[in-house]
Structure formats: C-alpha cells, structure tokens
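Just so you know, these numbers come straight off a predicted model, no measurement behind them. Order of appearance sets the numbers: ligands from 1, and atoms from 1 within every ligand. When a residue number appears, it is its place in the shown sequence, counting from 1.
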Amino acid sequence: MHDPVEGGTVTVSDRIAAVETVVAAGAELGEGPIWDARSGRIAWVDILGRRIHLTDSVTGATESIETPLQVGAIAPRAKGGFVAALQDGFWVMGDGPARRIATVPEARPGLRFNDGKCDPAGRFWAGTMAYDQAAGAAALYRLDAEGRPTRVIDGVTISNGLDWSIDGTAMYYIDSPLHRIDVFDFEPATGEIANRRIAIQIPRETGTPDGLTIDADGGIWVALWGGGAVHRYLDGRLDQVIKLPVSKPTSCAFGGAELDELYVTSASQGLSDTDRRAQPLAGALFRIRTGIRGLPARSYIGV
Ligand code: CA
C-alpha cells in the first residue's frame with residue numbers, strides 16, 4: 001500500500017502503518033470527520049443518509065443522530081452539541097432539540113451544504129454545491145459568533161475541503177472541479193480573505209480533491225475522490241501517499257488521544273454493482289496511525 005507514485009516525488013514514511021477499518025457499515029456519502037475531544041469520539045456525517053455519526057475511537061461503538069435535512073458538515077459547538085450545515089443553512093444539533101440558527105438567502109431545492117470547518121477565531125465556514133454540480137452555482141459562507149451568515153466566495157461549483165495554516169494567517173480551500181488546492185491570506189480578527197492563489201495543483205489522473213486537513217508540521221492531507229488515496233503535501237511537494245481499499249475517500253481528520261491517528265471517511269455513492277462487490281468497504285470509516293500529529297479541532301464559539 002506504500003507504492004510511490006508520480007515520478008518518485010514521494011517519500012513514504014515507515015511510520016505509517018496499515019489502514020484499519022473502524023466502522024465498516026457503509027455510508028452512502030460518509031464525510032466531514034472531526035475529532036470531538038470532549039467525548040473521545042470521531043464525529044462524521046453521512047450527507048445523503050442524513051446522519052451524524054459519533055464513533056468511539058477505541059471501541060468503534062457508534063451513536064447516530066438523525067438530521068432533518070441533508071447534513072454537509074459539523075463542528076463541535078463550545079456551548080454544547082454541534083453546529084451543522086444542513087441543506088438550508090446553519091443549525092445546532094445534539095444539544096436539545098435541533099434548531100436552525102440561520103438560513104442562507106440562496107438556499108433552494110437542488111442546492112445543499114457540503115464541507116465545512118471552524119476558523120482560528122471560532123467562526124464556522126461551510127460551502128454549498130448543486131446536486132447537478134452546475135458550474136458556479138455554489139458559494140462559501142462564514143457564520144459569525146452571532147449566527148449571521150456571510151457569503152464570502154461566489155461562483156463556486158463544488159465547495160469542499162478547507163483548513164487554516166498553523167499561524168492562522170492563511171486559509172486553504174478546494175473547489176473540486178478546479179483540481180487544485182488554493183490558498184488565501186486570512187485575517188483572523190475579521191475573518192476576511194484575500195489574494196487567492198494556487199497552493200497545489202492536483203493532476204486529473206490522481207483523482208478529484210475533496211476534504212483536507214493540516215497537520216502540526218504544516219503538511220496538507222487531502223482525500224482524492226475517485227483516486228482511492230489520501231495524499232500529504234509538504235512545502236508544495238507530494239510527501240506521502242496512503243492507498244485505501246475504496247475508490248472514493250472523501251475527507252480526513254486527525255484524532256485519538258495523541259492526535260496522531262488519521263481518520264478517513266468514504267462514499268459508496270455512484271458505485272456500480274460491480275464496483276460495490278470489488279469495494280465491500282465503500283462508505284467505511286478508516287484509521288491510519290501516521291506517526292504524524294494533527295492539530296486540535298476548533299469549535300464554533302457562537303450562538
Ligand atoms: Ca467533501
């Protein structure tokens with residue numbers, strides 16, 4: 001599983017162990033893993049299955065919360081439960097009855113929220129996509145502490161992975177069909193972004209960039225939908241390749257008590273019967289003990 005690819009630019013660490021299956025039960029579209037340090041669980045979502053899953057990192061025991069609409073992304077909420085980007089906007093889940101914080105004016109059938117994460121100041125960001133993947137129909141939003149959403153990037157097609165640099169002055173972002181990871185200057189005090197440029201170009205044959213996370217050394221880990229792998233980029237170069245037993249990994253996040261376990265979600269959506277027989281673990285949650293540490297997940301500070 002550690003074959004170098006792409007012209008020998010890969011140095012694969014001996015520290016990376018085998019891919020473990022944590023939850024085999026196949027999600028249709030498993031997504032958005034995030035470490036919930038409060039409970040020692042990985043929280044993840046099944047977007048189309050309308051579930052938030054809370055999986056114990058030691059036992060694999062999973063508690064599931066149904067969501068009233070498709071759930072794109074979640075983050076721990078400092079005041080309890082989770083903030084969630086559902087199909088129509090932002091909600092609080094898992095802290096009493098589900099309640100909506102805000103709808104976005106652009107919400108409509110045919111459009112739903114997708115990946116999201118909190119910034120270094122505790123604002124929650126999440127983007128959208130059209131079910132038909134219409135070009136430029138989506139956007140990226142920022143939810144402030146008072147629960148007000150602001151549309152920050154227009155003309156997005158499939159808003160996907162995002163994370164911030166360790167010093168909090170840069171935001172990485174993926175609009176999947178562009179086949180690249182972009183980076184913006186980020187102003188933590190205001191949440192403003194500027195100066196968009198390309199950080200990493202992802203070759204089409206490698207797969208489509210989906211979710212991403214930044215580790216404690218500044219490495220960028222990105223799940224490659226259709227590529228069956230997670231890549232780590234360091235200083236702009238491909239540094240690690242983790243091959244998975246499924247073709248559609250969707251996102252990744254560090255967890256575990258030492259934050260050195262990489263959790264990877266995956267999808268069974270769109271697989272043919274033949275694909276499904278070849279990939280019985282499609283939709284599973286995986287773990288890789290990387291020997292590299294991640295950063296603590298950030299919580300939403302608001303509402
Ligand atoms: Ca995604």
Asp88/Arg100 under salt bridge (charged side-chain N to carboxylate O under 4.0 Å, His left out): CA gap, chis, key distance, verdict: CA-CA 9 Å; Asp88 65 347; Arg100 189 190 292 112; 2.9 Å; yes

Within a distance under 3.0 Å of the Ca ion (ligand 1), the protein atoms of type N, O or S are Glu31 OE2, Asn160 OD1, Asp210 OD1

Would you call Lys248 and Asp275 a salt bridge, taking side-chain N to carboxylate O under 4.0 Å as the test? no

Flag the pair Asp235 and Arg237 as a salt bridge only when some basic side-chain nitrogen lies within less than 4.0 angstrom of an acidic carboxylate oxygen. no

Is any side-chain heavy atom of Tyr131 closer than 4.5 Å to a side-chain heavy atom of Leu48? yes

Axial cation check for Tyr233 ring with Arg180, 6.0 Å and 45° limits: no

Listed by chain and number, what are the side chain to side chain contact (heavy atoms under 4.5 Å, CB included) partners of Leu234, not counting sequence neighbours? Arg232, Asp239

